[in-house]
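Working notes, beginning with the structure itself.
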Amino acid sequence: IYIYRYWSMLCVKPSILVCLHFMCPLFTLANLHTYVCCFAEPEWASYTLGVFVCHSCSGLHRNIAQISKVKSVLLDPWSLSEVEFMDSVGNNAAKAKYEQIVPAFYYCPTYKDCMLLREQWIRAKYERKEFLSVERQEPYSAGYREGFLWKRGRDNGQYLSRKFILSEREGVLKYFNKHDAREPKAIMKISTVNATFQPTKIGTAHGLQITYLKDNSTRNIFVYHEDGKEMVDWFNAIRAARFHYLQVAFPGASNSDLLPKLTRNYIKEGYMEKTGPKHTEGFKKRWFTMDDRRLMYFKDPLDAYARGEVFIGSKENSYTVLPGLPPNIQGYHWQFGITIVTPDRQFLFTCETEEDQKDWMAAFQTVTNRPMLPQEYAVEAYFKHKP
(Lines give C-alpha, C1' and ligand atoms only; values in the text may rest on other atoms or scores of the structure.)
Protein backbone atom coordinates (compact mmCIF):
# COMPACT_ATOMS: atom_id res chain seq x y z
CA ILE A 1 0.00 0.00 0.00
CA TYR A 2 2.89 2.37 0.68
CA ILE A 3 4.11 1.84 -2.88
CA TYR A 4 0.71 2.97 -4.13
CA ARG A 5 0.75 5.84 -1.68
CA TYR A 6 4.22 6.99 -2.62
CA TRP A 7 3.62 6.73 -6.36
CA SER A 8 0.24 8.47 -6.27
CA MET A 9 1.56 11.35 -4.19
CA LEU A 10 4.55 11.94 -6.42
CA CYS A 11 2.35 12.23 -9.52
CA VAL A 12 1.91 15.90 -10.29
CA LYS A 13 -0.56 15.62 -13.16
CA PRO A 14 -4.11 16.33 -11.96
CA SER A 15 -5.57 13.76 -14.37
CA ILE A 16 -3.43 11.00 -12.87
CA LEU A 17 -4.33 12.06 -9.34
CA VAL A 18 -8.01 12.04 -10.17
CA CYS A 19 -7.65 8.50 -11.54
CA LEU A 20 -5.89 7.51 -8.32
CA HIS A 21 -8.45 9.28 -6.12
CA PHE A 22 -9.61 6.00 -4.60
CA MET A 23 -6.11 4.94 -3.54
CA CYS A 24 -4.61 8.33 -2.61
CA PRO A 25 -4.00 8.28 1.15
CA LEU A 26 -4.53 12.00 1.55
CA PHE A 27 -8.07 11.75 0.21
CA THR A 28 -8.68 8.81 2.55
CA LEU A 29 -7.26 10.71 5.51
CA ALA A 30 -9.20 13.86 4.66
CA ASN A 31 -12.45 11.89 4.72
CA LEU A 32 -11.64 10.32 8.08
CA HIS A 33 -10.77 13.45 10.04
CA THR A 34 -12.81 16.26 11.48
CA TYR A 35 -11.92 19.38 9.52
CA VAL A 36 -10.47 22.34 11.32
CA CYS A 37 -12.32 24.76 9.07
CA CYS A 38 -15.53 22.67 8.92
CA PHE A 39 -15.44 22.48 5.13
CA ALA A 40 -16.34 19.16 3.58
CA GLU A 41 -13.62 17.42 1.55
CA PRO A 42 -10.83 20.00 1.84
CA GLU A 43 -8.27 19.80 -0.95
CA TRP A 44 -5.37 21.47 0.86
CA ALA A 45 -3.20 20.45 3.78
CA SER A 46 -0.59 21.92 6.10
CA TYR A 47 2.22 19.40 5.97
CA THR A 48 3.99 20.99 8.93
CA LEU A 49 0.93 20.95 11.22
CA GLY A 50 -0.65 17.79 9.83
CA VAL A 51 -4.12 19.24 9.19
CA PHE A 52 -6.43 19.41 6.18
CA VAL A 53 -7.93 22.79 5.28
CA CYS A 54 -10.11 24.33 2.57
CA HIS A 55 -8.70 26.52 -0.20
CA SER A 56 -9.66 29.76 1.55
CA CYS A 57 -8.05 28.77 4.85
CA SER A 58 -4.93 27.57 3.05
CA GLY A 59 -4.24 31.20 2.13
CA LEU A 60 -4.52 32.18 5.80
CA HIS A 61 -2.07 29.43 6.75
CA ARG A 62 0.40 30.88 4.25
CA ASN A 63 0.37 34.08 6.31
CA ILE A 64 2.11 32.16 9.10
CA ALA A 65 4.58 30.41 6.82
CA GLN A 66 7.12 30.09 9.62
CA ILE A 67 4.66 27.69 11.29
CA SER A 68 2.40 26.31 8.59
CA LYS A 69 3.40 25.25 5.08
CA VAL A 70 0.62 24.11 2.76
CA LYS A 71 0.26 21.94 -0.31
CA SER A 72 -2.56 20.97 -2.59
CA VAL A 73 -3.77 17.41 -2.14
CA LEU A 74 -4.58 17.28 -5.85
CA LEU A 75 -1.84 19.22 -7.59
CA ASP A 76 1.37 19.09 -5.55
CA PRO A 77 3.90 16.24 -5.22
CA TRP A 78 4.13 14.59 -1.79
CA SER A 79 6.97 12.62 -0.29
CA LEU A 80 6.38 9.42 1.64
CA SER A 81 7.51 11.06 4.88
CA GLU A 82 4.99 13.88 4.42
CA VAL A 83 2.19 11.38 3.79
CA GLU A 84 3.16 9.42 6.87
CA PHE A 85 3.24 12.61 8.95
CA MET A 86 -0.27 13.53 7.83
CA ASP A 87 -1.38 10.01 8.70
CA SER A 88 0.19 10.25 12.17
CA VAL A 89 -1.38 13.62 13.04
CA GLY A 90 -4.60 14.66 11.35
CA ASN A 91 -7.20 17.21 12.37
CA ASN A 92 -8.49 15.40 15.44
CA ALA A 93 -5.03 15.10 16.96
CA ALA A 94 -4.21 18.70 16.11
CA LYS A 95 -7.46 19.83 17.72
CA ALA A 96 -6.60 17.91 20.88
CA LYS A 97 -3.15 19.52 20.95
CA TYR A 98 -3.91 23.14 20.09
CA GLU A 99 -7.43 23.52 21.54
CA GLN A 100 -6.87 22.21 25.05
CA ILE A 101 -8.41 25.22 26.87
CA VAL A 102 -10.82 27.07 24.60
CA PRO A 103 -13.15 29.24 26.72
CA ALA A 104 -16.80 28.31 26.29
CA PHE A 105 -17.64 31.86 25.16
CA TYR A 106 -14.85 32.08 22.55
CA TYR A 107 -16.21 32.25 19.02
CA CYS A 108 -14.87 29.37 16.93
CA PRO A 109 -15.45 30.35 13.28
CA THR A 110 -16.25 28.15 10.31
CA TYR A 111 -15.44 28.61 6.63
CA LYS A 112 -18.64 30.70 6.33
CA ASP A 113 -17.36 33.43 8.66
CA CYS A 114 -15.46 36.55 7.65
CA MET A 115 -11.75 36.43 6.86
CA LEU A 116 -10.75 38.30 10.02
CA LEU A 117 -12.37 35.82 12.41
CA ARG A 118 -10.84 32.85 10.60
CA GLU A 119 -7.38 34.40 10.38
CA GLN A 120 -7.28 35.31 14.07
CA TRP A 121 -8.59 31.88 15.04
CA ILE A 122 -5.76 30.24 13.10
CA ARG A 123 -3.18 32.62 14.57
CA ALA A 124 -4.57 32.18 18.09
CA LYS A 125 -4.21 28.40 17.83
CA TYR A 126 -0.97 27.86 15.98
CA GLU A 127 0.99 31.10 16.28
CA ARG A 128 0.08 32.52 19.71
CA LYS A 129 -0.98 29.17 21.25
CA GLU A 130 -3.64 30.95 23.27
CA PHE A 131 -5.55 27.80 24.12
CA LEU A 132 -2.69 26.08 25.92
CA SER A 133 -2.65 28.55 28.83
CA VAL A 134 -5.38 30.66 30.47
CA GLU A 135 -2.85 33.45 31.07
CA ARG A 136 -2.70 34.06 27.32
CA GLN A 137 -6.46 34.65 27.25
CA GLU A 138 -6.49 37.63 29.59
CA PRO A 139 -7.30 40.25 26.87
CA TYR A 140 -10.81 38.81 26.55
CA SER A 141 -11.23 36.81 29.79
CA ALA A 142 -10.35 39.37 32.48
CA GLY A 143 -13.85 40.85 32.79
CA TYR A 144 -12.57 44.35 32.10
CA ARG A 145 -11.25 45.85 28.89
CA GLU A 146 -10.27 49.40 28.01
CA GLY A 147 -8.95 50.79 24.75
CA PHE A 148 -9.49 53.04 21.76
CA LEU A 149 -11.52 52.20 18.67
CA TRP A 150 -12.36 54.18 15.57
CA LYS A 151 -16.08 54.95 15.82
CA ARG A 152 -18.30 56.21 13.02
CA GLY A 153 -20.03 59.50 13.80
CA ARG A 154 -23.79 59.29 14.10
CA ASP A 155 -24.49 62.26 11.84
CA ASN A 156 -21.42 63.00 9.70
CA GLY A 157 -20.13 59.47 9.10
CA GLN A 158 -16.57 60.44 10.08
CA TYR A 159 -14.53 57.91 12.03
CA LEU A 160 -12.92 59.32 15.19
CA SER A 161 -10.90 57.69 17.95
CA ARG A 162 -13.03 57.00 21.01
CA LYS A 163 -12.22 55.38 24.35
CA PHE A 164 -14.28 52.27 25.11
CA ILE A 165 -14.58 50.50 28.46
CA LEU A 166 -16.16 47.08 28.98
CA SER A 167 -16.91 46.20 32.61
CA GLU A 168 -18.51 42.92 33.60
CA ARG A 169 -18.83 44.14 37.20
CA GLU A 170 -20.90 47.13 36.10
CA GLY A 171 -22.62 45.13 33.37
CA VAL A 172 -21.97 47.81 30.75
CA LEU A 173 -20.04 48.75 27.64
CA LYS A 174 -19.48 52.51 27.38
CA TYR A 175 -17.58 54.97 25.25
CA PHE A 176 -16.33 58.52 25.75
CA ASN A 177 -16.32 61.36 23.23
CA LYS A 178 -13.09 62.79 24.66
CA HIS A 179 -10.10 60.85 25.93
CA ASP A 180 -10.12 62.71 29.26
CA ALA A 181 -13.92 62.85 29.66
CA ARG A 182 -15.27 61.75 33.03
CA GLU A 183 -18.79 60.99 31.85
CA PRO A 184 -19.43 58.52 29.01
CA LYS A 185 -21.27 59.54 25.88
CA ALA A 186 -23.24 56.30 25.87
CA ILE A 187 -23.80 53.45 28.31
CA MET A 188 -24.81 50.12 26.79
CA LYS A 189 -26.18 47.44 29.08
CA ILE A 190 -24.54 44.07 28.50
CA SER A 191 -28.01 42.52 28.71
CA THR A 192 -28.98 44.04 25.33
CA VAL A 193 -25.60 44.31 23.54
CA ASN A 194 -24.91 42.41 20.33
CA ALA A 195 -21.81 42.45 18.12
CA THR A 196 -21.34 41.16 14.59
CA PHE A 197 -18.57 41.64 12.05
CA GLN A 198 -19.73 43.55 8.97
CA PRO A 199 -16.67 44.05 6.72
CA THR A 200 -18.64 44.57 3.51
CA LYS A 201 -21.20 46.98 4.94
CA ILE A 202 -18.69 49.03 6.95
CA GLY A 203 -16.06 48.97 4.23
CA THR A 204 -13.13 47.65 6.28
CA ALA A 205 -12.06 44.06 6.97
CA HIS A 206 -12.04 44.83 10.72
CA GLY A 207 -15.46 46.49 10.87
CA LEU A 208 -17.66 45.54 13.83
CA GLN A 209 -21.30 46.54 14.28
CA ILE A 210 -22.36 46.87 17.91
CA THR A 211 -26.04 47.22 18.75
CA TYR A 212 -27.93 47.80 21.98
CA LEU A 213 -31.42 48.78 23.03
CA LYS A 214 -32.07 52.41 23.93
CA ASP A 215 -35.66 53.08 25.04
CA ASN A 216 -36.56 49.72 23.49
CA SER A 217 -35.27 50.81 20.07
CA THR A 218 -32.11 49.53 18.43
CA ARG A 219 -29.04 51.79 18.35
CA ASN A 220 -26.21 50.95 15.92
CA ILE A 221 -22.54 51.75 16.52
CA PHE A 222 -19.91 50.99 13.87
CA VAL A 223 -16.29 50.61 14.96
CA TYR A 224 -12.99 49.19 13.78
CA HIS A 225 -9.32 48.94 14.75
CA GLU A 226 -6.28 48.65 12.48
CA ASP A 227 -5.07 45.62 14.46
CA GLY A 228 -7.14 42.55 13.67
CA LYS A 229 -6.26 40.82 16.94
CA GLU A 230 -7.40 43.88 18.90
CA MET A 231 -10.77 43.83 17.15
CA VAL A 232 -11.35 40.11 17.67
CA ASP A 233 -10.29 40.44 21.33
CA TRP A 234 -12.99 43.10 21.79
CA PHE A 235 -15.53 40.81 20.12
CA ASN A 236 -14.70 37.89 22.40
CA ALA A 237 -14.57 40.14 25.47
CA ILE A 238 -18.16 41.18 24.70
CA ARG A 239 -19.10 37.52 24.34
CA ALA A 240 -17.43 36.74 27.68
CA ALA A 241 -19.36 39.51 29.42
CA ARG A 242 -22.60 38.32 27.85
CA PHE A 243 -21.87 34.74 28.88
CA HIS A 244 -21.29 35.62 32.52
CA TYR A 245 -24.37 37.87 32.56
CA LEU A 246 -26.55 35.07 31.18
CA GLN A 247 -25.13 32.56 33.65
CA VAL A 248 -26.40 34.80 36.46
CA ALA A 249 -29.69 35.64 34.75
CA PHE A 250 -30.45 31.99 33.95
CA PRO A 251 -28.71 29.94 36.67
CA GLY A 252 -30.25 26.64 35.63
CA ALA A 253 -29.43 26.93 31.93
CA SER A 254 -26.74 24.80 30.30
CA ASN A 255 -23.91 26.17 28.19
CA SER A 256 -25.57 24.77 25.09
CA ASP A 257 -28.61 26.93 25.88
CA LEU A 258 -26.59 30.07 26.59
CA LEU A 259 -23.92 30.06 23.88
CA PRO A 260 -26.27 30.83 20.94
CA LYS A 261 -27.41 33.94 22.84
CA LEU A 262 -23.96 35.51 23.31
CA THR A 263 -23.83 37.22 19.91
CA ARG A 264 -25.89 36.63 16.80
CA ASN A 265 -25.52 37.25 13.10
CA TYR A 266 -28.46 38.79 11.32
CA ILE A 267 -30.84 36.39 9.62
CA LYS A 268 -30.84 38.53 6.49
CA GLU A 269 -30.02 42.05 5.28
CA GLY A 270 -30.66 43.88 2.04
CA TYR A 271 -32.80 46.37 0.14
CA MET A 272 -36.56 46.20 -0.28
CA GLU A 273 -39.24 48.80 -0.97
CA LYS A 274 -41.97 49.55 1.56
CA THR A 275 -45.10 51.66 1.89
CA GLY A 276 -46.78 53.29 4.89
CA PRO A 277 -49.50 51.91 7.17
CA LYS A 278 -52.36 53.24 5.02
CA HIS A 279 -50.90 51.62 1.87
CA THR A 280 -51.62 54.80 -0.09
CA GLU A 281 -48.10 56.22 0.01
CA GLY A 282 -45.53 55.57 -2.68
CA PHE A 283 -43.10 52.73 -2.01
CA LYS A 284 -39.64 53.82 -0.82
CA LYS A 285 -36.39 51.93 -1.05
CA ARG A 286 -34.99 51.04 2.38
CA TRP A 287 -32.23 48.88 3.84
CA PHE A 288 -33.73 46.06 5.93
CA THR A 289 -32.13 44.05 8.71
CA MET A 290 -33.74 40.92 10.15
CA ASP A 291 -32.34 40.62 13.67
CA ASP A 292 -34.04 37.64 15.29
CA ARG A 293 -37.68 38.82 15.56
CA ARG A 294 -36.92 42.49 14.86
CA LEU A 295 -37.26 43.61 11.27
CA MET A 296 -35.64 47.06 11.07
CA TYR A 297 -35.47 49.40 8.12
CA PHE A 298 -33.02 52.22 7.46
CA LYS A 299 -32.57 54.88 4.83
CA ASP A 300 -28.84 54.03 4.78
CA PRO A 301 -27.22 50.74 5.93
CA LEU A 302 -24.94 52.69 8.33
CA ASP A 303 -27.65 54.75 10.02
CA ALA A 304 -27.44 54.91 13.80
CA TYR A 305 -31.18 54.43 14.28
CA ALA A 306 -33.81 52.56 12.30
CA ARG A 307 -36.61 54.50 10.62
CA GLY A 308 -38.92 51.81 11.93
CA GLU A 309 -39.00 48.37 13.51
CA VAL A 310 -41.48 45.56 13.08
CA PHE A 311 -41.90 42.69 15.52
CA ILE A 312 -42.49 39.36 13.79
CA GLY A 313 -43.99 36.69 16.01
CA SER A 314 -44.99 33.10 15.27
CA LYS A 315 -47.78 31.72 13.11
CA GLU A 316 -49.46 30.41 16.27
CA ASN A 317 -49.86 34.06 17.25
CA SER A 318 -51.41 35.18 13.94
CA TYR A 319 -48.23 36.25 12.12
CA THR A 320 -48.26 35.17 8.48
CA VAL A 321 -46.01 35.74 5.47
CA LEU A 322 -47.63 35.78 2.03
CA PRO A 323 -46.18 36.20 -1.47
CA GLY A 324 -47.48 39.14 -3.47
CA LEU A 325 -49.43 42.26 -2.55
CA PRO A 326 -53.15 42.84 -1.94
CA PRO A 327 -55.19 43.95 -5.00
CA ASN A 328 -55.31 47.60 -6.04
CA ILE A 329 -51.96 48.50 -4.41
CA GLN A 330 -50.08 51.13 -6.38
CA GLY A 331 -46.87 53.14 -6.18
CA TYR A 332 -44.28 50.34 -6.28
CA HIS A 333 -41.45 49.91 -8.79
CA TRP A 334 -40.16 46.45 -7.91
CA GLN A 335 -42.57 43.71 -8.96
CA PHE A 336 -42.03 40.91 -6.43
CA GLY A 337 -44.20 41.62 -3.41
CA ILE A 338 -44.34 40.26 0.14
CA THR A 339 -47.15 40.78 2.66
CA ILE A 340 -46.53 40.26 6.36
CA VAL A 341 -49.76 39.90 8.30
CA THR A 342 -49.62 40.74 12.01
CA PRO A 343 -52.43 40.93 14.61
CA ASP A 344 -52.48 44.72 14.16
CA ARG A 345 -51.87 45.43 10.47
CA GLN A 346 -50.34 44.33 7.20
CA PHE A 347 -46.82 45.31 6.14
CA LEU A 348 -46.18 45.48 2.41
CA PHE A 349 -42.77 45.11 0.76
CA THR A 350 -41.46 44.61 -2.76
CA CYS A 351 -38.22 43.01 -3.93
CA GLU A 352 -36.16 43.72 -7.02
CA THR A 353 -35.89 40.10 -8.15
CA GLU A 354 -37.80 36.88 -7.66
CA GLU A 355 -34.72 35.38 -5.99
CA ASP A 356 -34.69 38.20 -3.44
CA GLN A 357 -38.36 37.60 -2.78
CA LYS A 358 -37.78 33.89 -2.14
CA ASP A 359 -34.82 34.61 0.17
CA TRP A 360 -36.77 37.16 2.23
CA MET A 361 -39.79 34.86 2.39
CA ALA A 362 -37.59 32.05 3.67
CA ALA A 363 -36.05 34.35 6.29
CA PHE A 364 -39.46 35.52 7.52
CA GLN A 365 -40.85 31.99 7.60
CA THR A 366 -37.87 30.82 9.65
CA VAL A 367 -39.03 33.23 12.33
CA THR A 368 -42.79 32.69 12.06
CA ASN A 369 -42.36 28.89 12.16
CA ARG A 370 -40.53 29.16 15.48
CA PRO A 371 -42.73 29.23 18.62
CA MET A 372 -42.35 32.35 20.73
CA LEU A 373 -40.45 32.13 24.01
CA PRO A 374 -41.96 33.57 27.21
CA GLN A 375 -39.61 36.56 27.18
CA GLU A 376 -40.55 37.31 23.57
CA TYR A 377 -44.13 37.96 24.60
CA ALA A 378 -42.82 40.76 26.80
CA VAL A 379 -40.84 42.15 23.87
CA GLU A 380 -43.95 42.04 21.73
CA ALA A 381 -45.99 43.84 24.39
CA TYR A 382 -43.55 46.70 24.80
CA PHE A 383 -42.37 46.86 21.22
CA LYS A 384 -42.32 50.32 19.70
CA HIS A 385 -43.13 50.39 16.03
CA LYS A 386 -42.13 53.52 14.11
CA PRO A 387 -44.30 53.85 10.98
Side-chain angles (χ1 to χ4, degrees), residues 154-155 192 194 201 209 211-221 264 266-387:
R154 185 186 65 181
D155 300 318
T192 70
N194 183 45
K201 185 162 71 172
Q209 181 174 351
T211 64
Y212 67 100
L213 291 183
K214 183 177 181 181
D215 299 327
N216 204 41
S217 293
T218 303
R219 167 76 160 98
N220 293 325
I221 291 178
R264 60 192 179 275
Y266 300 133
I267 297 175
K268 183 169 174 57
E269 286 193 290
Y271 283 107
M272 290 192 293
E273 290 184 336
K274 68 169 292 293
T275 186
K278 296 181 180 180
H279 303 167
T280 57
E281 305 171 12
F283 280 67
K284 296 180 180 179
K285 183 179 177 181
R286 294 289 183 258
W287 176 267
F288 285 82
T289 297
M290 190 72 208
D291 183 11
D292 196 37
R293 292 195 182 274
R294 287 178 181 261
L295 176 63
M296 300 172 283
Y297 52 93
F298 307 83
K299 187 175 182 180
D300 184 272
L302 299 180
D303 283 346
Y305 292 99
R307 292 296 181 96
E309 302 188 40
V310 181
F311 181 86
I312 300 182
S314 66
K315 57 186 179 183
E316 289 85 357
N317 300 89
S318 302
Y319 289 85
T320 309
V321 183
L322 303 173
L325 301 176
N328 304 320
I329 297 298
Q330 299 178 349
Y332 57 91
H333 301 92
W334 291 347
Q335 301 300 310
F336 302 94
I338 298 175
T339 299
I340 296 181
V341 181
T342 76
D344 300 320
R345 57 169 282 199
Q346 291 184 344
F347 294 89
L348 308 184
F349 312 103
T350 58
C351 302
E352 186 175 14
T353 66
E354 186 177 8
E355 183 179 1
D356 286 342
Q357 180 196 40
K358 291 179 180 179
D359 290 344
W360 276 110
M361 289 279 296
F364 294 145
Q365 289 169 348
T366 297
V367 176
T368 58
N369 289 338
R370 192 179 73 217
M372 286 174 58
L373 301 173
Q375 58 267 33
E376 291 176 332
Y377 285 98
V379 175
E380 181 187 34
Y382 292 101
F383 198 85
K384 294 182 178 180
H385 167 63
K386 300 177 183 178

Please enumerate all residues that pass salt bridge (Lys or Arg N to Asp or Glu O under 4.0 Å) together with [X], with sequence neighbours excluded.
X	value
Asp291	Arg264
Arg286	none
Lys201	Glu269

Results of ring-ring contact (aromatic ring centres under 6.0 Å, His included) for [X] - residues two or more places apart only:
X	value
Trp334	none
Phe364	Trp360
Phe283	Tyr332
Phe311	Phe383

For the residue pair [X] and [Y], what are the closest heavy atoms and their distance?
X	Y	answer
Glu376	Met372	OE1-CA, 3.2 Å
Pro326	Leu348	CD-CD2, 3.6 Å
Arg345	Thr275	NH2-O, 4.5 Å
Ala306	Met296	CB-CB, 3.9 Å
Val341	Gln346	CG2-NE2, 4.0 Å

>> According to side chain to side chain contact (heavy atoms under 4.5 Å, CB included), who are the partners of Asp155, at least two apart in sequence or on a separate chain?
In response: none

> Ala362: what forms a side chain to side chain contact (heavy atoms under 4.5 Å, CB included) with it, not counting sequence neighbours?
Replying inline: none

Listed pairs under 3.5 Å, donor-acceptor, residues 312-323 side chains, sequence neighbours left out:
unit_1	atom_1	unit_2	atom_2	d
Ser314	OG	Glu316	OE1	3.3
Ser314	OG	Asn317	OD1	2.6
Lys315	NZ	Asn369	OD1	3.4
Asn317	ND2	Tyr377	OH	3.4
Tyr319	OH	Glu380	OE2	2.5

> Are any side-chain N or O atoms of Gln357 and backbone N or O atoms of Thr350, one a donor and one an acceptor, separated by less than 3.5 Å?
Replying inline: no

> Would you find a donor on one side and an acceptor on the other, under 3.5 Å apart, between the side chain of Asn220 and the backbone of Leu302?
Replying inline: no

From [X] atom [atom1] to [Y] atom [atom2], the distance as rounded to the nearest 0.5 Å:
X	Y	atom1	atom2	answer
Phe288	Met272	CZ	CE	4.5 Å
Gln335	Glu354	CD	CD	12.0 Å
Phe336	Thr353	CZ	OG1	7.0 Å
Leu295	Ile267	CG	CD1	10.0 Å
Thr211	Arg219	OG1	CZ	11.0 Å
Met290	Asp359	CE	CG	14.0 Å

> Who are the side chain to side chain donor-acceptor pair (under 3.5 Å) partners of Tyr266, not counting sequence neighbours?
Replying inline: Gln209

> Does Arg370 have any side chain to side chain donor-acceptor pair (under 3.5 Å) partners at least two apart in sequence or in another chain, and if so, which?
Replying inline: Asp292

> Going through the checks in order, is the side chain to side chain contact (heavy atoms under 4.5 Å, CB included) test met by Leu213 and Arg294?
Replying inline: CA-CA 12 Å; Leu213 291 183; Arg294 287 178 181 261; 3.7 Å; yes

> Has Lys284 got more than 12 heavy atoms of other residues, nucleotides or ligands less than 6.0 Å from its NZ?
Replying inline: no

>> A quick test of your reading: do over 12 heavy atoms of other residues, nucleotides or ligands sit less than 6.0 Å from CD of Gln375?
In response: yes

> Are any non-hydrogen side-chain atoms of Arg293 and Val379 less than 4.5 angstrom apart?
Replying inline: no

> With a 4.5 Å limit on heavy-atom distance, are the side chains of Arg154 and Tyr305 in contact?
Replying inline: yes

>> Let's go through Ile221 and Tyr212 carefully: what are the C-alpha distance in whole Å and the side-chain angles of both, what is the deciding distance for side chain to side chain contact (heavy atoms under 4.5 Å, CB included) to 0.1 Å, and is it a yes or a no?
In response: CA-CA 9 Å; Ile221 291 178; Tyr212 67 100; 3.9 Å; yes

